[in-house]
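Structure first, commentary second.
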Number of protein chains: 2
Amino acid sequence: MNVDFSALTTTLSQHGYKLTRQRRAVVEVVAHGQTRLSAADVYAQAQRACPDLGLTTVYRTLEILAELGAIRRVHLDDGCEGFAPASAEHGHHLICSNCKMTIEFEDCDMRKLLDRVAARTGFKIEQHWLELVGRCPKCLQKAAARK
Amino acid sequence: MNVDFSALTTTLSQHGYKLTRQRRAVVEVVAHGQTRLSAADVYAQAQRACPDLGLTTVYRTLEILAELGAIRRVHLDDGCEGFAPASAEHGHHLICSNCKMTIEFEDCDMRKLLDRVAARTGFKIEQHWLELVGRCPKCLQKAAARK
DNA sequence: TTCCTAATTGAAAATCATTTTCAATTAGGC
DNA sequence: GCCTAATTGAAAATGATTTTCAATTAGGAA
């Protein structure tokens, strides 16, 4: 489920990025992330390990990680951008609306739908963006225990 | 494909909203929209018919229309929020990455996928966000004619 | 190990999209 | 026509994000 810290730093290196303390701190947070995180979330957490980390660097690093495919942008209902770990080349996210826990899933299996819509509209479909929102097992349990 | 201006103003009325000149101008743009539009897009167009329209009112009106289900929020890759007409209770949008022309489609038919992911993860899935991006027939034709 | 330099940093400033404030205006019910 | 709650928009505020630029540093080369 999680992406590997070490694989990630290697990827950064291979793409010509220097491995600064700040970048390592950000990658650490992202690699162990179980929830979708905003830049502010990442900053708050990474700053504990790296107190001289600036928010600007968080934004920059997240941008690079997204470009490298290590994280994926997810839509947040409060307006700001979120990121979630991406271990798969092609995947989507399922997010708990309560605790924000995030799970990646790969097999969206949309071939049929895409073909159908394409055939009907004449479009050539190049991308699809899918995000699922619901309640995770834990939050469901909590809600049940509350009744 | 388009939502009806008149049905929209009636809906607004029925929900207790006054039909101001400004709101009419916004609804006019939205009702005839063939593309996904940002607030700024709507403002630029609606202002022609209603020169004393303020951007604030555009935002407010779009918000109301979204709440009433007349338009739907779509994800824009440039960061700001977009809106697209919604004539169906439940639908999604297909957007041309070139000209931004937007088509709504209803039959996302995701039952199977949702059930599969739910079964695997233990989540109770409540919402799904789906958006397709590609090239519309017109832009495809242009690109072909260019070769 | 040391040196060097291009890459990187972050505080401050800037930018951008959006929301709030509040006095002035107005839609529409009576 | 009157009245009032709803609505307006310019200005200000807000919050997320990006840019600027002098200072710092990662890591390759010697």
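A note on names: the letters A, B, ... follow the listed sequences, proteins ahead of strands, and every chain is numbered from 1.
Rounded to an integer number of Å, the gap from Gln47(A) CD to dT9(C) P is 15 Å. Rounded to an integer number of Å, the gap from CZ of Arg23(A) to P of dA26(D) is 11 Å. dC16(C) atom P lies 14 Å from atom CG of Leu55(B), rounded to whole Å. Between the CD atom of Gln22(B) and the P atom of dA10(D) there is a distance of 10 Å, given to the nearest Å. We find that CD of Glu63(B) is positioned 14 Å from C1' of dT20(C), with the value rounded to whole Å. Atom CG in Asp52(B) sits roughly 10 Å away from atom C1' in dT25(C) (whole-Å rounding). In this structure, Arg24(A) atom CZ and dT8(C) atom C1' are separated by 14 Å, rounded to whole Å. Atom-to-atom, CG of Leu62(B) to P of dT18(C) comes out at 10 Å; the value is rounded to the nearest Å.
With distances taken from any side-chain atom of Lys18(A) to the nucleotides dG27(D), dT9(C), dT8(D), the minimum falls on dG27(D). Set against dT20(C), dA26(D), dT19(D), the side chain of Arg60(A) has dT19(D) as its closest nucleotide.
Nucleic acid contact class of Thr56(A) (heavy atoms, under 4.0 Å, all strands): base.
Not one side-chain nitrogen or oxygen of Thr20(B) sits closer than 4.0 Å to the OP1 or OP2 atom of dT7(D). Between Tyr59(A) and the phosphate of dT17(D), there is a side-chain N or O to OP1/OP2 separation shorter than 4.0 Å. Taking only side-chain nitrogens and oxygens, Arg21(B) never comes nearer than 4.0 Å to OP1 or OP2 of dT7(D).
Using a 4.0 Å cut-off between a side-chain N of Lys or Arg and a carboxylate O of Asp or Glu, Arg120(A) and Asp115(A) do not qualify as a salt bridge.
Looking at which nucleotide of DNA chain C each of Gly16(A) and Tyr43(A) is closest to, the 5′-most match is held by Gly16(A).
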* To do: Would you sort out whether His128(B) and His90(B) count as a side-chain hydrogen bond (donor to acceptor under 3.5 Å, both in side chains), showing the intermediate values?
  => CA-CA 11 Å; His128(B) 57 276; His90(B) 175 79; 3.2 Å; yes

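In this structure, OG1 in Thr9(A) is found 6.0 Å from CZ in Arg24(A), a value given to the nearest 0.5 Å.
Within 6.0 Å of CD in Glu126(B) there are more than 12 heavy atoms belonging to other residues, nucleotides or ligands. Other residues, nucleotides and ligands contribute over 12 non-hydrogen atoms within 6.0 Å of the NZ atom of Lys100(B).
Across all strands shown, dA22(D) forms a Watson-Crick or G-U wobble pair with dT9(C), both key distances being under 3.5 Å.
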